[in-house]
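The next block holds one structure in the form of structure tokens; read it before the comments.
Every chain is numbered from 1, with letters handed out A, B, ... down the list of sequences.
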Amino acid sequence: MSGVSVNKAAEDAAPAGDDLVVLSNVNKHFGALHVLQDIDLTIARGEVVVVIGPSGSGKSTLCRTINRLETIDSGAISIDGKPLPQEGKELARLRADVGMVFQSFNLFAHKTVLENVMLGQVKVRGTDKKAAEAKARSLLDRVGVGVQADKYPAQLSGGQQQRVAIARALAMDPKVMLFDEPTSALDPEMINEVLEVMQQLAREGMTMVVVTHEMGFARSAANRVVFMADGKIVEEATPDQFFSNPRSDRAKDFLSKILHHS
Amino acid sequence: MEAREIVFDFLEGYDLLGAFWVTVKLTVYSALGSLIWGTLLAGMRVGPVPLMRGFGTAYVNIIRNIPLTVIIVFASLGLFQTLQVKLGGGGDFEVINFRLAVLALALYTAAFVCEALRSGINTVPTGQAEAARALGLSFTQVLRLVILPQAFRAVVNPLANVLIALTKNTTVAAAIGVVEAAYLMKDMIEAEAQLILISAVFAFGFICLTLPTGLLLGWVSKKVAVKR
């Protein structure tokens, strides 16, 4: 768990392991808008994939299709070898194995922080309350909000709430974690505390799909950068390759707009 | 004799408290029934099964648009006298009529509970349901553990309105012979010469029931409000 180099990208572009998440030929429309176009993407076990791209490029939608919060029109998605089921018990079981962190945190407003992290364990996994509480407390400590356990979400800062949300997802022992713009709703001074938790997860070998505008995180934690524009995957590369030598004009244009200030 | 006794001697021989007690029982049983049935209806109306959604919508739109008197009279004439539905009352008309009245009041009020609750469900951000589904909770778990607890907290005041309306609506049960407050009032008006005072006594009795309900639930509403 410790002593692993921070920069995974540099040591190993694609860690050894089988394919965990496979999207093949995925298409989706929002009315007339073709929001996902022939998406092929494979994520290996232990890999950290960062999805970047301009607003409206379909990156959030892509992330949300992986646990079927968005349905797809055609194509196939499989997780750990199993095709994504239709609605029902099967789907619920699969979702329990896929952690999700949202832009707006979405902590259960009527439950305390501790109850938020216990709910899935008790109601989905059937863990007994004592064990669930112990695990919840240790996860909350790990993300640095242990002392807030008995407060309600509205009493916490955005950064604290998002770290609780990460703990809530981790409590299910997920095979893969999806992050849908986890820092976009945060005040600037709170972004780092969330990114640090994510960095730590990446170092520990968690499989992660991260939709983000944080280029620093992409550089330091990603094994692979996926660049999306207009519903298509335009470019896939290691962070080093992508940021220093983007191949497509679309990516060059995007990077020139976001990087020239820093 | 004191003046108070002279003014109120028309009350003598009537079981005023007993009649209001029947009103309270009608209210409590119907409230519980309508809360349960109304919650189920709301669940159907927001659920993923088209047949249930259709049923919920049709139920609410039909039932809330029929006068309560018609529903209660139908319960007595249609269910009991024609179809012999006795709701376990045996041959005791008093029990049968009371239970029919509770059934009719609950079925009617459930439509309003459902709609109040549905507006409460709409106050819960969609992200709450998404986060719950993402954890692997089933549809009924999402509703029961995440959506409804927040929805109920948001609609305590509207539900208090429904409860107050229900309390007053129990007077319609007099139409099928349930001896509650309004039934007794009609009896007294026929027999006594104190029309204004009799009305005032019964009006006061209802206010005694409904005013505290409204105040208490108003306080509860503030107490349980979800902070976002």
Side-chain angles (χ1 to χ4, degrees), chain A residues 63-64 66-71 85-112 115-126 151-156 161 164-165 168-174 176-180 185, chain B residues 35 39 42-54 116-159 217 219-228:
Chain A
C63 186
R64 290 162 57 87
I66 296 175
N67 66 356
R68 213 170 185 276
L69 283 181
E70 297 287 353
T71 55
Q86 299 290 307
E87 295 293 330
K89 272 211 171 84
E90 282 293 305
L91 179 64
R93 203 167 302 147
L94 179 131
R95 279 177 174 152
D97 288 336
V98 179
M100 178 118 192
V101 175
F102 300 85
Q103 179 176 346
S104 47
F105 329 134
N106 295 346
L107 292 178
F108 305 130
H110 63 306
K111 291 191 175 291
T112 65
E115 288 166 345
N116 264 275
V117 186
M118 287 172 63
L119 185 73
Q121 298 184 69
V122 174
K123 298 295 178 182
V124 178
R125 296 286 192 223
K151 290 191 182 164
Y152 284 88
Q155 297 171 284
L156 270 57
Q161 287 191 53
V164 174
R168 177 175 68 178
L170 288 175
M172 305 300 288
D173 295 319
V176 53
M177 287 278 284
L178 310 175
F179 293 83
D180 184 8
Chain B
L35 197 60
T39 306
M44 289 185 203
R45 288 205 74 174
V46 300
V49 185
L51 191 71
M52 286 182 157
R53 272 208 307 270
L117 205 46
R118 207 162 61 92
S119 71
I121 289 172
N122 290 335
T123 68
V124 182
T126 47
Q128 296 282 307
E130 284 186 348
R133 283 155 68 204
L135 278 181
L137 296 169
S138 68
F139 171 77
T140 46
Q141 283 179 319
V142 173
L143 204 59
R144 201 161 47 80
L145 301 169
V146 176
I147 306 300
L148 284 178
Q150 296 185 48
F152 269 113
R153 287 156 198 249
V155 296
V156 174
N157 272 328
L159 284 180
L217 288 177
W219 176 78
V220 169
S221 166
K222 280 193 196 118
K223 197 89 182 154
V224 300
V226 178
K227 287 165 195 73
R228 300 196 188 280

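Ion pair Glu130(B)/Arg133(B) not flagged as a salt bridge, since none of the NZ, NE, NH1 or NH2 atoms sits closer than 4.0 Å to an Asp/Glu carboxylate oxygen.
At a threshold of 4.5 Å between non-hydrogen side-chain atoms, the residues Leu69(A) and Arg95(A) count as touching. Using a 4.5 Å cut-off on side-chain heavy atoms (C-beta onward), Ile147(B) and Val46(B) make no contact. Using a 4.5 Å heavy-atom threshold, the side chains of Arg168(A) and Asn106(A) count as touching. Using a 4.5 Å heavy-atom threshold, the side chains of Leu91(A) and Pro85(A) count as touching.
Of all the listed residues (Pro125(B), Ser138(B), Pro48(B), Ala132(B)), the one sharing the greatest number of non-hydrogen pairs under 4.5 Å with chain A is Ala132(B). Interface check for chain B: of the options Leu119(A), Val101(A), Val124(A), the most heavy-atom pairs under 4.5 Å are formed by Val124(A). With chain B as the partner, the residue from Ala92(A), Ala169(A), Ala154(A) showing the most heavy-atom pairs under 4.5 Å is Ala92(A). When the candidates Ser104(A), Gly88(A), Ala109(A), Gly99(A) are compared by the number of heavy-atom contacts under 4.5 Å with chain B, Ala109(A) comes out ahead.
When atom types are taken as modelled, the side chain of Thr39(B) and the backbone of Leu35(B) share a donor-acceptor pair closer than 3.5 angstrom.
Residue Lys89(A) does not touch chain B at all, counting heavy-atom pairs closer than 4.5 Å. Interface remark: Val146(B) contributes backbone and side-chain atoms alike to the contact with chain A (heavy atom separation under 4.5 Å). Only the side chain of Gln141(B) has a heavy atom closer than 4.5 Å to any heavy atom of chain A. Neither the backbone nor the side chain of Leu178(A) has a heavy atom closer than 4.5 Å to any heavy atom of chain B. For Phe102(A), the part lying near chain B is the side chain, with the backbone staying farther off; criterion is any non-hydrogen pair under 4.5 Å. For chain B, the nearby part of Arg64(A) is the side chain; its heavy atoms alone come within less than 4.5 Å.
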For this session: With side-chain contact (heavy atoms from CB on, under 4.5 Å) as the test, would you mind laying out the steps for Leu148(B) and Leu117(B) before giving the verdict?
Result: CA-CA 8 Å; Leu148(B) 284 178; Leu117(B) 205 46; 4.1 Å; yes
